[in-house]
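Residue numbers start from 1 in every chain, and the chains themselves are labelled A, B, ... in the order their sequence lines are given, proteins ahead of strands.
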Amino acid sequence: MSSQFSRRRLLQGSLAVGGLGLLGAIAGCGNGSGAGNGTTLHSLLPGDIPQRWSEVRAHVNEALEADRGLRIDPEFISWTNYAEQEMLKFTTGERFDTALEATWLNLQQLLSDNALADMTDLWDSGNYPNLNATIDERMVEYAKYNGRLYTIPLVANFTSPPGFVIRQDLADKYGIGEVNDYETLERFLYDVKQKDPDLIPFGLDNGYVNNTVIPNPVSLFNAQAWEEANKNVQLLGTYFEGDGLSPVPFWEQQDVLDSLDRVRQYYLDGILNEDALTLDMSAVRSLFAQGRYASTTAGADGLTSSTFGPVADNVEGAAIAQVIPFADGLDARMSSTFQAANNMVAPANTETLEQVFEMMDWLSIQENHDRLSYGIEGEDWNAVGEHSYEQISGYAFPAFAMSWRTPLERDLAGMVDTDRAWVAWARDIEHFYPDRLAGFYFDSSSVSSEEAQVGAAFSEYVLPLYAGVKDVQSGLDEARTALENAGYETVVEEYQRQALEFLADS
Amino acid sequence: MRPDRSILVLALPALAFFAVFSYGPMVGAIVAFKDFNVVEGIFGSPWNGLENFRFFFESGNAGRVIRNTLILNALFIGGTITAGMAMAVMINEIRFRLLKRTAQSVIFLPYFISPIVISVMLQAFLSGFGGSGGVVNNMLGGLGISPVSWYTEPGAWPWILTIVKIWQLAGYTSIIYLAAMTAIPPDVYEAAVLDGASRWKIALRVTVPLIMPVTVILLILQVGRIFMGDFGTIYAIIGDNGTLFPTTDVIDTYVFRALRTSGNLGMTAAVGLFQSVVGFILIAATALIARRVSRKSGGF
């Protein structure tokens with residue numbers, strides 16, 4: 001009896017402890033960060049926690065609290081889970097103040113579901129002059145959805161068209177000099193194949209397969225697009241032509257067909273790597289750094305020198321150059337949808353939108369922008385001249401998700417000249433003119449089944465063609481049949497209908 | 001004699017765990033029948049009948065991806081159970097204790113290797129730098145056979161993936177079998193030795209039949225998940241390589257690829273529900289068949 005009693009007591013005790021633990025755990029799941037209380041702003045950011053984050057955050061918060069009475073406490077979410085985690089937080093109504101959003105994340109769905117806070121009045125209020133001054137008004141206008149602003153566009157360069165980084169030392173060795181047109185680029189690729197057979201002339205990765213032939217408005221191996229960068233192909237390789245926006249699928253666009261033949265020939269001639277569909281970007285970059293590729297993809301995003309420059313450490317005499325596919329070079333102007341690749345958004349039920357604007361306004365001052373983007377001066381970076389900096393620690397903040405402001409961005413010291421020149425070009429909005437569908441958002445909710453099916457067919461049948469892996473003629477027939485069976489026409493017709501409505505209203 | 005009910009309290013933590021993490025979330029499966037809206041949430045979104053199921057079953061790919069899922073899983077299950085059992089029998093025959101323990105540890109290691117690392121290792125083996133080299137092609141070259149562009153040859157991939165799964169899981173499975181072997185009474189082996197059975201015969205006629213119940217349990221557990229593709233491994237290795245989809249695209253990879261841009265929770269839940277219902281039916285059927293077979297044979 002006594003032993004049974006003590007066992008019961010033991011079980012009851014265990015249960016009590018377990019129950020308290022469970023209650024504690026449940027309580028811990030609540031809003032413990034103080035987010036939304038008006039002083040500490042909780043932002044969702046992608047990636048790992050930056051090195052030295054606690055020091056830099058303290059440094060930023062000290063100044064932010066003194067100036068505006070606010071603090072920041074971002075949550076870093078792994079890139080691989082960011083889209084799902086962010087959507088889950090919106091769905092469950094978890095309290096957070098801002099998040100990175102984009103058309104390549106969940107922006108479309110969040111807009112059509114009215115899940116985002118309307119920022120129009122605060123933007124227009126005139127109370128945030130630094131923010132207004134550092135984000136071009138045209139970017140803001142084209143970011144609007146049904147005439148209202150739900151996103152703050154984060155922009156360093158107005159666009160960074162896909163281009164090339166090439167081994168300039170090889171181009172010099174072959175007597176080519178600067179690569180400024182497609183003919184010279186092709187000569188460079190075939191010279192590498194012939195004169196340095198151990199190298200692969202161009203390293204393509206699975207992320208950039210989409211950019212080989214479809215002009216948007218430029219693409220890597222579309223020679224016609226180099227000459228005239230004004231054709232923006234929109235949806236699933238479809239170009240909407242004329243006033244009636246007649247859809248022209250990619251298999252009926254002559255420049256795309258020519259480019260597909262060219263890419264196929266490159267694949268067969270060994271100009272392109274055969275494993276493009278399985279190789280990711282970091283693998284290609286690593287192989288470039290080891291001197292195994294003579295060229296690969298690099299946009300005018302200001303990162304070319306720091307990303308690809310280390311090849312000089314591994315290959316004696318190696319030098320790089322940035323090549324952007326415009327026959328007009330730095331005089332080129334290109335059409336743009338002015339849709340920022342990255343935006344800051346707030347949930348519709350937010351109570352801290354004014355504080356978010358205060359923080360964004362504060363970050364729009366050079367000194368504060370530098371604090372968050374580059375870290376503590378003297379410990380993480382040193383200024384070089386007025387607009388450059390050298391990095392002296394491993395601190396790397398995802399500035400694109402919070403603090404990108406075109407006029408405040410600094411160049412990394414030691415950029416190669418071509419990289420610096422193209423970055424300057426990409427930061428000048430006068431080099432871009434609006435595409436007629438700039439500001440248009442496609443709401444695919446009424447054709448979501450077909451869109452999903454077409455998307456799956458696209459990666460199965462079309463991407464191998466873009467990588468040159470499949471025979472063009474038979475591959476196009478297969479792709480066309482698969483896309484049509486999946487509902488391609490339904491999706492395109494809905495897009496056309498909405499786009500025409502948009503043009504009629506604008 | 002009345003059973004001591006207080007002992008049931010011991011089951012409460014497990015019951016609470018399953019209620020909170022397994023049965024409770026099942027309520028969310030209703031999103032499969034809803035036109036999901038982020039603001040209105042799972043319960044507030046309007047019903048839309050079977051619309052979410054249309055995406056998968058009208059895609060024209062349903063037949064192919066279901067077939068691939070079943071074929072690949074059947075190969076994986078058959079391969080890992082057979083190889084695991086064979087390895088366990090072999091390790092059981094090792095008499096040196098240190099060697100035995102070392103072998104157990106070594107064969108268990110691949111279980112902990114991430115699918116991403118496996119994918120990189122496989123690329124080195126099959127394609128090497130540039131996609132046309134690799135260890136395997138070098139060996140084929142040594143035999144005078146032309147190199148194969150493995151990553152554009154869908155026919156070979158069910159077998160390549162099966163080899164990968166066996167390498168990854170056979171050691172883990174063999175440990176389960178080895179644990180079961182320790183329960184076999186030594187006198188059974190002594191009797192077999194007295195009857196003049198060779199070591200091969202003892203392994204085949206004594207060890208294998210006595211560990212069959214474990215095989216049935218492993219089979220039941222795995223058949224229940226036969227409609228779930230091994231997303232982690234297959235996606236890490238195949239990725240978006242469309243040329244291999246004819247033989248490697250399984251339900252999970254198809255759904256992920258189709259919905260990663262739209263992130264439609266309703267469609268994802270619809271396919272997940274379909275997989276779970278079929279899995280439940282299969283697991284019940286397998287358990288039933290296993291019970292009947294074992295009753296007839298007097299075994300499990």
With distance as the sole criterion, is a donor-acceptor pair present between the side chains of [X] and [Y] under 3.5 Å?
X	Y	result
A/Glu478	A/Ser474	no
A/Thr490	A/Glu450	no
A/Asn106	A/Glu86	yes

(request) Start with the C-alpha gap between A/Phe90 and A/Phe96, add the side-chain angles, then the distance that decides, and say whether ring pair (Phe, Tyr, Trp, His ring centres under 6.0 Å) holds. (result) CA-CA 9 Å; A/Phe90 267 105; A/Phe96 59 92; 5.1 Å; yes
Side chain, backbone, both or neither: which part of [X] has a heavy atom under 4.5 Å from chain A?
X	answer
B/Thr152	side chain
B/Glu40	neither
B/Leu244	neither

(message) Heavy-atom pairs under 4.5 Å with chain A: which of B/Phe245, B/Tyr254, B/Phe56 has the most?
(response) B/Phe245
Quick check on [X] against chain B: is it the side chain, the backbone, both or neither that has a heavy atom closer than 4.5 Å?
X	answer
A/Phe202	neither
A/Leu287	side chain
A/Ala115	both

(message) Using 0.5 Å steps for rounding, measure from the CZ atom of B/Phe36 to the OG1 atom of B/Thr268.
(response) 10.5 Å
(request) Give a yes or no on whether a salt bridge exists between B/Lys165 and B/Asp230, defined as a side-chain N under 4.0 angstrom from a carboxylate O. (result) yes
